[in-house]
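Reminder, nothing fancy here: chain letters follow the sequence lines and each chain counts from 1.
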2 protein chains.
Amino acid sequence: MTRARKHILDILTSSEVPLSAQDIEQRKTIEMNSVTVYRTLHYLEAHEYCDSFPLTCSEHGTERYYSAVHHRTDGTCDHHHWFHCIECHQFIDLGTCRIDELIAGYEKELSVSVVGHSLSLTGVCARCLQTRDHSGNREHQGPPQAEG
Amino acid sequence: MTRARKHILDILTSSEVPLSAQDIEQRKTIEMNSVTVYRTLHYLEAHEYCDSFPLTCSEHGTERYYSAVHHRTDGTCDHHHWFHCIECHQFIDLGTCRIDELIAGYEKELSVSVVGHSLSLTGVCARCLQTRDHSGNREHQGPPQAEG
DNA sequence: CCAGAAAATGCAAGTCATTTGCATTTTCTT
DNA sequence: AAGAAAATGCAAATGACTTGCATTTTCTGG
Ligand SMILES: [Mn+2]
Ligand SMILES: [Mn+2]
Ligand SMILES: [Zn+2]
Ligand SMILES: [Zn+2]
């Protein structure tokens, strides 16, 4: 693990939401070429330190988002899926993957071996829904404030 | 519906697998600029004639794939999800979406409104698994032949 | 600690799916 | 058929991501 790799893994680990290569460039606090960011993300993903999924949204286009992976004591990976709000562009954690059984079913039905999967939801978050109800559609909000 | 739009919708409707913009360019039989292909796909998706999802694979990189949507009598859309073989790069139909309930659960739990979702599986198809077993990894195969 | 090998990084340039601006053509409305 | 609106073609741009290659950092064994 080089300095750059440790640093990016730290950023991913301490983030509560998936980050794009660009998000990481903004958050990094050591000098690093953007090419290195991409290469580092490939490295981290290949070595199961993180996983990723592609997401398209109106504001950011199609980008790949990365999040650190938690290894359980039995060695398996605890990967999460995400909801993305199409109004405020925040991610909401959907928790640990709940489609393992569904996938096992497909494997059996179709005699295939599933190696990876990508699932993401898009829609309107609770906060944006509320804003909609109250005052007729305001503009984008800032990030939600942590509760006092 | 213009000629171009009808034509592309025909291509999508008669295809058994999702197609990328490039796939469509290859299959089209009338003159049409590739920009028009993209614009037409946007149109068709916005009007619910088709839906799409982004997929990354080693051979084709990240591309968006489109498939015609089947409208049920009650007006709802019967959308499918897909498995993509990382060896022969074929799609396999996973049938009608089976995660509606899961999504409804998330909506309730998180008080969000889910507007769209993307799910795709990757792995090795039955045919490629078999090829692996028999002879130690052959190279890519052609498309599967229709059974006799 | 040190030399050499291997791996990682920076920089510049390239790739490639997709988008955009604008002039022209086609389609729609009256 | 005339004018307006929408669709299309062409050329150029965009933007995420990749690649080649020279340089620097890290690793490994002595
Ligand atoms: Mn999952
Ligand atoms: Mn679905
Ligand atoms: Zn929101
Ligand atoms: Zn296969």
Side-chain angles (χ1 to χ4, degrees), chain A residues 1-12 17-67 84 89 91 116 118 120 122, chain B residues 1-12 17-47 49-67 82 84 89 91 116 118 120 122:
Chain A
M1 279 288 242
T2 65
R3 212 162 83 94
R5 289 172 179 175
K6 278 197 201 77
H7 185 59
I8 290 192
L9 183 54
D10 275 349
I11 292 172
L12 289 177
V17 294
L19 302 174
S20 68
Q22 297 181 91
D23 292 335
I24 290 169
E25 281 210 69
Q26 288 173 357
R27 299 183 188 211
K28 75 183 157 57
T29 56
I30 68 178
E31 283 298 308
M32 195 185 320
N33 192 280
S34 59
V35 173
T36 302
V37 172
Y38 283 106
R39 286 198 274 229
T40 298
L41 288 171
H42 289 170
Y43 172 90
L44 293 175
E45 186 157 25
H47 291 72
E48 294 203 308
Y49 290 109
C50 70
D51 57 10
S52 74
F53 61 94
L55 181 82
T56 305
C57 91
S58 58
E59 192 157 306
H60 305 96
T62 301
E63 282 182 308
R64 187 161 286 274
Y65 289 85
Y66 295 83
S67 42
H84 184 77
H89 299 278
F91 281 101
S118 170
S120 57
T122 54
Chain B
M1 280 290 243
T2 65
R3 213 163 81 93
R5 289 171 179 176
K6 276 198 202 77
H7 186 58
I8 289 193
L9 183 54
D10 275 349
I11 292 173
L12 289 177
V17 294
L19 302 174
S20 68
Q22 297 180 94
D23 292 335
I24 290 168
E25 279 210 70
Q26 288 173 357
R27 300 183 187 211
K28 73 183 158 56
T29 56
I30 68 179
E31 282 299 307
M32 194 184 322
N33 191 279
S34 59
V35 173
T36 302
V37 172
Y38 283 105
R39 286 199 274 232
T40 298
L41 288 170
H42 289 170
Y43 172 91
L44 292 175
E45 186 158 25
H47 292 72
Y49 290 109
C50 71
D51 56 11
S52 74
F53 60 94
L55 182 83
T56 305
C57 91
S58 57
E59 191 158 306
H60 304 95
T62 301
E63 282 182 310
R64 187 162 285 274
Y65 290 84
Y66 295 83
S67 43
W82 302 87
H84 184 76
H89 298 278
F91 280 101
S118 170
S120 57
T122 54

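Aromatic ring centroids of A:His47 and A:Tyr43 lie under 6.0 Å apart.
Atoms CD1 (A:Ile30) and P (D:dT25) sit 13 Å apart, rounded to a whole Å. We find that OH of B:Tyr65 is positioned 11 Å from C1' of C:dA17, with the value rounded to whole Å. Going from atom CG of A:Leu55 over to atom C1' of D:dC17 covers 17 Å, rounded to whole Å. Rounded to an integer number of Å, the gap from B:Arg3 CZ to D:dA7 C1' is 13 Å. Rounded to whole Å, atom C1' of D:dT25 lies 12 Å from atom NZ of A:Lys6. We find that NE2 of B:His7 is positioned 12 Å from P of D:dT8, with the value rounded to whole Å. Taking atom CD of A:Gln26 as the reference point, atom P of D:dA16 lies 11 Å away to the nearest angstrom. The distance between atom CG of A:Asp23 and atom P of D:dA16, rounded to the nearest whole Å, is 11 Å.
Geometrically, A:Arg64 does not engage A:Phe53 in a cation-pi contact, judged by NZ or CZ lying under 6.0 Å from the ring centre and within 45° of the ring axis.
The stretch residues 32-47 of chain A touches DNA chain C through A:Met32, A:Asn33, A:Val35, A:Thr36, A:Arg39, each having a heavy atom within less than 4.0 Å of the strand.
Of the two residues contacting DNA chain C, namely B:His60 and B:Met1, the nearest-nucleotide position lying further toward the 5' end is that of B:His60. The residue among B:Arg64 and B:Thr2 whose nearest nucleotide of DNA chain C lies closer to the 5′ end is B:Arg64.
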Quiz item: Should A:Tyr66 and A:Ser52 be marked as a side chain to side chain contact (heavy atoms under 4.5 Å, CB included) after you check the CA-CA gap, both sets of side-chain angles, and the distance that decides it?
Solution: CA-CA 4 Å; A:Tyr66 295 83; A:Ser52 74; 3.4 Å; yes
Quiz item: Passes side chain to side chain donor-acceptor pair (under 3.5 Å), A:Asp23 versus A:Ser20? Steps please.
Solution: CA-CA 5 Å; A:Asp23 292 335; A:Ser20 68; 3.2 Å; yes
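Two residues are said to be in side-chain contact when any heavy atoms from C-beta on lie closer than 4.5 Å; A:Asp51 and A:Ser67 meet this criterion.
Put simply, the residue from B:Ile30, B:Leu41, B:Thr2, B:Leu19 that forms a side-chain contact (heavy atoms from CB on, under 4.5 Å) with B:Ile8 is B:Leu41.
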